[in-house]
Amino acid sequence: MASTKSNLKRKASIVEAEPVTEVLSDDEFGDGLLEGVLEDESDSEEEETDGDDDEENENEDDEADIHSDDIPTDGEEVEKAMPNDEDAGPHYRVERDANGGERYVYDEIDPVYDSDDTDAEDAENRIGNIPLSFYDSYPHIGYDINGKKVARPATGEALDALLDSIEIPQGWTGLTDPQTGKPLNLSRDELELLRRVQMNEVPEEGFDPYPDTVEWFTSVEETMPLSAAPEPKRRFLPSKHEAKRIMKLVKAIREGRILPYKPPEEREREREEEEEQVYDLWAEETPRPPNVMHIPAPKLAPPGYDLSYNPPAEYLPTEDEKKKWEELDPEEREKPYLPQKYDSLRRTPAYDQFVKERFERCLDLYLAPRVRKSRLHIDPASLLPKLPRPEELRPFPTVASIEFTGHEGRVRSVSIDPSGQWLASGGEDGTVRVWGLADGRQQWQVKLSSEDAVDAVRWRPGQDALILAAAVSQDLFFVIPPIGSPELEQSSRDILDAGFGYAANGKQQLTTAAGARKDPPAKWGRPGGRLEDEGVLLKATARSPIKVINWHRRGDFLCTVSPTGQKASVLIHTLSKHLSQMPFAKLRGLAQTASFHPLRPLFFVATQRSIRCYDLQKQELVRTLQPGARWISSFDIHPGGDNLVVGSYDRRLLWHDFETGSRPYKTLRFHDEAVKCVGFHRSHPLFADASHDGSIQVFHSKVVNDLMEGPTIVPVKKLTGHKVMNKLGVMDISWHPQHPWIVSGGADGTCRLWT
Amino acid sequence: MEDTPMGQPPMAEARQIRVNFTTSSPDIQLPEGKTQLLVPADIKRYGLSRVLNSESMLDTPAPIPFDFLIDGTFLRTSLEDYLKTNGLSFESTLTLQYVRSLIPPVYEASFEHDDWISDVDVLSAASRAGVWSGDKLAAGQDRLLSASYDGLLRIWNNSGQVLATSPAGGHGASVKAAKFLSSTQVASAGLDRTVRVWKYSEAEDRLSGTLRPTLELYGHSASVDALDVHGPTGRILSASADGSIALWSTSKSSAPAAPAALLPGAGASLSKKRKLASSSSAPQRGPLSHMPIHGSSAATAVLFDPADSTVAYSASHDHTLRTVDLTTSRVASTIATSHPLLSLCALRRGGGPLLAAGTSARHITLIDPRVSAAATSVLTLRGHRNLVSALSASPSDEHALVSASYDGTCRVWDLRSARAGTRAEGGGSVGESVYVIEREAKKSGKSKSRDDVPGKGAKLFGVVWDSTWGVVSAGEDKMVQINRGRDLLAAAA
């Protein structure tokens with residue numbers, strides 16, 4: 001109704017010249033709609049919403065028209081009702097008829113046929129649907145049906161308006177009738193009507209929408225019926241039509257066209273037919289054991305002592321337990337009941353949970369999904385590679401047995417002699433010391449230099465002599481410690497001295513093809529009096545400091561590496577000729593270490609990134625290994641000759657299989673600091689690496705000849721004990737030639753024997 | 001169920017336990033019918049020992065201290081506690097095997113040296129050399145021989161005085177082994193690859209003596225690490241790091257000439273001067289028989305059979321123990337073990353000796369060397385934390401031995417105390433030590449922090465157990481340490 005009103009206002013605003021309020025209300029309306037739209041829709045669809053807006057406005061207009069059509073009709077009615085109200089007197093006149101008698105002449109009844117006829121509307125102003133503002137400049141506002149001017153209603157003075165507003169007349173709406181231009185006042189009936197419509201009541205007063213029904217026709221037999229006609233005869237006579245039909249059936253039965261039952265043979269046949277169709281699916285079923293996936297429903301546990309009416313005292317809950325049980329959520333309770341004690345069975349009450357329990361049991365049987373879950377059970381241990389347990393791979397070194405103390409400063413290199421009795425160590429105090437391996441006693445020492453450290457010591461392989469090679473700065477010393485038997489000492493001396501005659505005879509070999517005399521890569525000679533007395537019998541001086549010594553297995557050749565030596569960084573010395581050779585005219589990268597192959601005439605040189613393998617006989621590069629390490633520290637070749645283990649300063653240990661190409665077969669990263677040294681045991685399947693984190697790790701490595709199977713590498717023991725000094729831990733390791741024992745030399749100035 | 005008799009307060013009377021005494025020693029056998037006894041439950045070893053020594057039982061003239069073995073373990077608590085810890089009933093009958101007690105060795109004295117000591121031997125009336133010397137041994141002439149890394153032999157009396165030191169120019173390098181042949185003769189071997197025989201004579205007052213070299217025996221090409229001697233026949237056995245053992249004679253006349261190549265100065269070495277200076281005037285002889293039976297692996301210990309001087313046993317780094325017939329110089333049998341062997345001693349036993357071998361795997365393995373033996377490895381003694389370097393059998397008890405190890409301890413073992421080994425130990429029977437003898441010098445120092453190298457600075461190289469001297473051990477700490485059971489004499493009686 002409110003909207004109707006506002007529509008009405010809009011209509012009025014079109015016609016009436018009271019623009020301010022009308023426009024305001026118009027704006028309000030528009031705003032309200034737009035706001036709703038904006039609230040509902042996003043801004044991007046503004047145009048569309050505008051369109052909708054217009055449409056709705058139009059719809060609203062239509063509605064408004066309809067309403068406006070209705071409303072004035074009502075208003076007319078009201079207007080018409082008004083005069084009725086005004087003449088409250090009798091609606092007839094008394095006249096004299098022709099006989100002179102009184103005659104009541106009634107007004108003609110207005111049937112109000114045109115109450116909903118819009119055409120019959122007789123508005124006073126007949127100017128049509130044009131804005132009233134066209135008449136603004138005239139004293140009238142239009143014309144009536146007779147062409148007479150409709151005078152502009154006198155608009156009151158402002159004071160009058162005020163007065164009007166103060167004493168509000170009956171039915172004042174503040175609206176202006178657009179047709180007449182007069183203030184639109186509503187009568188009380190009209191207001192009442194509006195209220196009813198507003199309240200969703202029936203507009204007409206006194207209208208009873210639910211009148212009592214009048215039963216015009218009834219099922220009740222009247223004592224005095226409307227019709228006294230007697231029951232017709234047909235109601236008492238059997239129906240001829242039905243008799244006819246029955247006779248038909250009787251006749252058919254007699255004639256045998258309808259059979260009361262089927263003849264036996266026919267029934268038999270039908271039965272047979274039926275039997276053919278219906279067969280027993282499970283007739284021949286034999287009982288089978290249940291499916292493996294079948295899970296029978298669990299049986300209820302038989303009642304225990306605690307369900308007894310008179311349970312033993314230990315089953316009865318204490319007060320605390322009772323309280324705890326009651327505090328628990330029913331679903332969390334371990335048992336749904338509390339054991340209770342009764343004096344006698346007849347005092348036992350009915351089980352109050354019986355129905356609930358049965359119900360839950362049924363639910364359990366019916367709803368519990370008894371499905372075998374195929375959970376994926378993976379033991380995490382099974383995902384690990386199948387490696388034998390370290391205990392099964394004994395023997396390997398496990399504990400430190402002997403500590404060799406005496407070196408001042410770091411021990412840089414250790415070596416066990418081929419017989420396994422002696423340990424040689426070289427340290428930063430410039431001494432080479434020889435220790436009894438079995439008792440830890442220092443048996444001999446010589447100070448080779450007062451300034452430089454002994455960088456490497458290596459015993460000559462072979463038990464026919466006892467010769468120790470030691471590198472101090474640029475000098476390579478050959479030492480015969482006086483600990484062997486005279487026989488051994490003599491043979492060692494013979495080996496060392498054999499080259500002197502050769503060197504004297506073969507000087508001329510050191511000239512190039514051009515005839516220019518070449519500077520030999522190393523000068524051989526006697527070391528001088530004091531050292532010679534102490535057993536140091538031979539010296540070779542290279543051009544740059546030697547860091548690594550490795551002997552050839554026969555004991556005649558040895559290679560030295562001096563990383564700073566440029567093209568002379570790798571030298572191969574021939575002991576029997578006192579001859580040093582530079583095998584590489586040019587070497588890419590800084591040489592780190594070099595080694596002879598244990599079986600074949602191959603020579604391995606490691607630069608910082610790669611290891612190259614050369615054939616000494618054919619003098620060609622055989623293979624290049626790329627371990628992928630940043631800086632190789634050391635490598636060792638498996639005594640079988642087909643594998644190589646590389647240690648690198650970037651904490652990695654890399655196992656190379658020559659068969660599998662230039663990339664490592666396995667990378668082991670177990671150390672916290674750089675791996676300084678690696679070494680294979682010559683007879684046991686063991687290798688170890690020493691690291692600057694102060695630990696030595698021992699690995700078991702099984703190498704099989706089968707091409708299908710790679711080597712098995714099992715870490716078996718981590719040997720810790722060396723102290724880390726200035727970030728340096730274990731400097732060198734050396735395996736015992738026979739036993740699974742290892743000796744390590746550390747930056748803490750000690751050597752250790754691990755057994 | 002522990003039930004107390006009706007009407008008796010439970011603590012009023014001490015519980016009694018029925019025990020059954022047995023023994024394996026025939027001389028202290030209990031009379032028939034006396035073996036069962038009811039003893040109070042809180043009785044301990046001492047009480048049981050007194051019960052056994054009482055008149056009604058053994059009726060010994062002087063009390064014998066006994067130890068009691070229950071199921072292979074020594075009783076160290078009261079019987080009650082034993083039952084409780086083993087969950088046994090008080091009504092069960094315990095079978096107690098009583099054995100002569102091993103007296104806890106108590107520290108007696110230390111003899112200080114200048115250098116590491118590689119070996120010790122003792123001379124006393126009860127020692128082997130004492131028995132061999134017979135009447136020549138003066139009463140109370142208890143001597144101790146120590147071999148040192150400084151190349152000297154020293155002879156001490158029991159009050160800690162050095163009676164004699166070998167003259168300079170004896171062994172040119174460290175002495176590795178030394179033994180009394182008799183009260184007047186000493187054999188030694190060392191890193192200079194020689195075995196030497198010395199004559200020892202004492203002054204009248206027995207407060208000083210002299211060691212004179214009598215023989216230099218050449219034949220080994222590497223350090224001689226172990227010796228054994230047999231006094232009556234004057235034979236010496238030596239084991240060398242070159243993998244050979246050799247048999248020598250102490251008599252000048254019967255020994256063959258020394259191999260010339262091994263004599264000092266044979267090589268034209270520059271250190272000839274030093275070698276020549278150290279040479280002495282003693283006659284040089286060679287071995288009766290040189291047996292390179294261990295290949296290139298060092299032979300570490302050698303032993304005469306206690307009963308038969310023509311049979312020798314040698315142990316080596318090559319994991320084997322070999323029985324050598326000295327008359328033919330042939331290896332009679334080889335027993336392989338699983339670890340390098342470092343030391344050897346023989347335990348007397350009826351029907352042939354039982355050999356104990358110390359291994360580099362920190363245990364002692366007991367080997368039955370008889371060819372007929374069903375199992376060669378009888379028992380493993382575990383407990384040392386480093387290489388077992390020396391062994392010595394008990395002088396009085398055929399079931400006891402003492403071992404010295406690089407971990408700085410001596411351990412006393414009783415072979416009767418054995419249990420089944422665990423899987424990790426490789427099964428078999430495993431024994432554990434009865435007593436541990438620590439180094440006195442180490443003990444007095446700062447509290448023993450668990451070193452990463454066991455026995456650092458206190459490696460033991462030699463041990464000998466004598467009934468007079470007790471347990472004598474020596475090693476890297478330059479001390480000869482003597483430990484002795486206090487009532488050792490009572491035990492020996």
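Naming convention: chains lettered A, B, ... in sequence-line order (proteins, then strands); numbering from 1 in each chain.
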Q. Which answer fits A/E534, side chain, backbone, both or neither, if we ask what part of it has an atom under 4.5 Å from a heavy atom of chain B?
A. neither

Q) Would you find more than 12 non-hydrogen atoms of other residues, nucleotides or ligands less than 6.0 Å from A/R554 atom CZ? A) no

Q. Among residues 433-449 of chain A, which residues come closer than 4.5 Å to chain B, judged by heavy atom distances?
A. A/A438, A/D439, A/G440, A/R441, A/Q443

Q: Would you mind telling me which of B/K176, B/K459, B/H339 has the largest number of heavy-atom pairs within less than 4.5 Å of chain A?
A: B/K459

**Q.** B/H319, part contacting chain A, at a heavy-atom distance under 4.5 Å
**A.** side chain

Q) Of the backbone (N, CA, C, O) and the side chain (C-beta and beyond), which part of B/Y406 lies under 4.5 Å from a heavy atom of chain A, both, or neither? A) side chain

Q. Is it the backbone or the side chain of A/I483 that comes under 4.5 Å from a heavy atom of chain B, or both, or neither?
A. backbone

Q: Heavy atoms only: give me the nearest A/G484-B/R193 pair and the separation to one decimal.
A: O-NH1, 2.9 Å

Q) Which answer fits A/W754, side chain, backbone, both or neither, if we ask what part of it has an atom under 4.5 Å from a heavy atom of chain B? A) neither

Q.
Does any backbone or side-chain atom of A/R394 lie under 4.5 Å from a heavy atom of chain B? Answer side chain, backbone, both or neither.
A. neither

Q | A/T398 side chain near B/R362 side chain, heavy-atom distance below 4.5 Å | A | yes

Q. What part of B/A298 is in contact with chain A, defined as an atom under 4.5 angstrom from a non-hydrogen atom: side chain, backbone, both or neither?
A. neither

Q: Grab the two heavy atoms, one from B/H317 and one from A/H739, that are nearest each other, plus how far apart they are.
A: O-CE1, 2.8 Å

Q) Quick one: what part of A/E391 sits under 4.5 Å from any heavy atom of chain B, side chain, backbone, both or neither? A) neither

**Q.** Nearest atoms (heavy-atom pairs only) where A/S485 meets B/S221
**A.** CB-O, 3.3 Å

Q. Chain B heavy atoms under 4.5 Å from A/S491: which part of the residue, side chain, backbone, both or neither?
A. neither

Q: Taking all heavy atoms of B/L387 and all of A/T755, pick out the closest pair and write down the distance.
A: CD2-OG1, 3.9 Å

**Q.** Closest non-hydrogen atom pair, B/N386 against A/A400
**A.** ND2-O, 4.1 Å

Q) In terms of heavy-atom proximity below 4.5 Å to chain A, should B/S389 be classed as side chain, backbone, both, or neither? A) neither

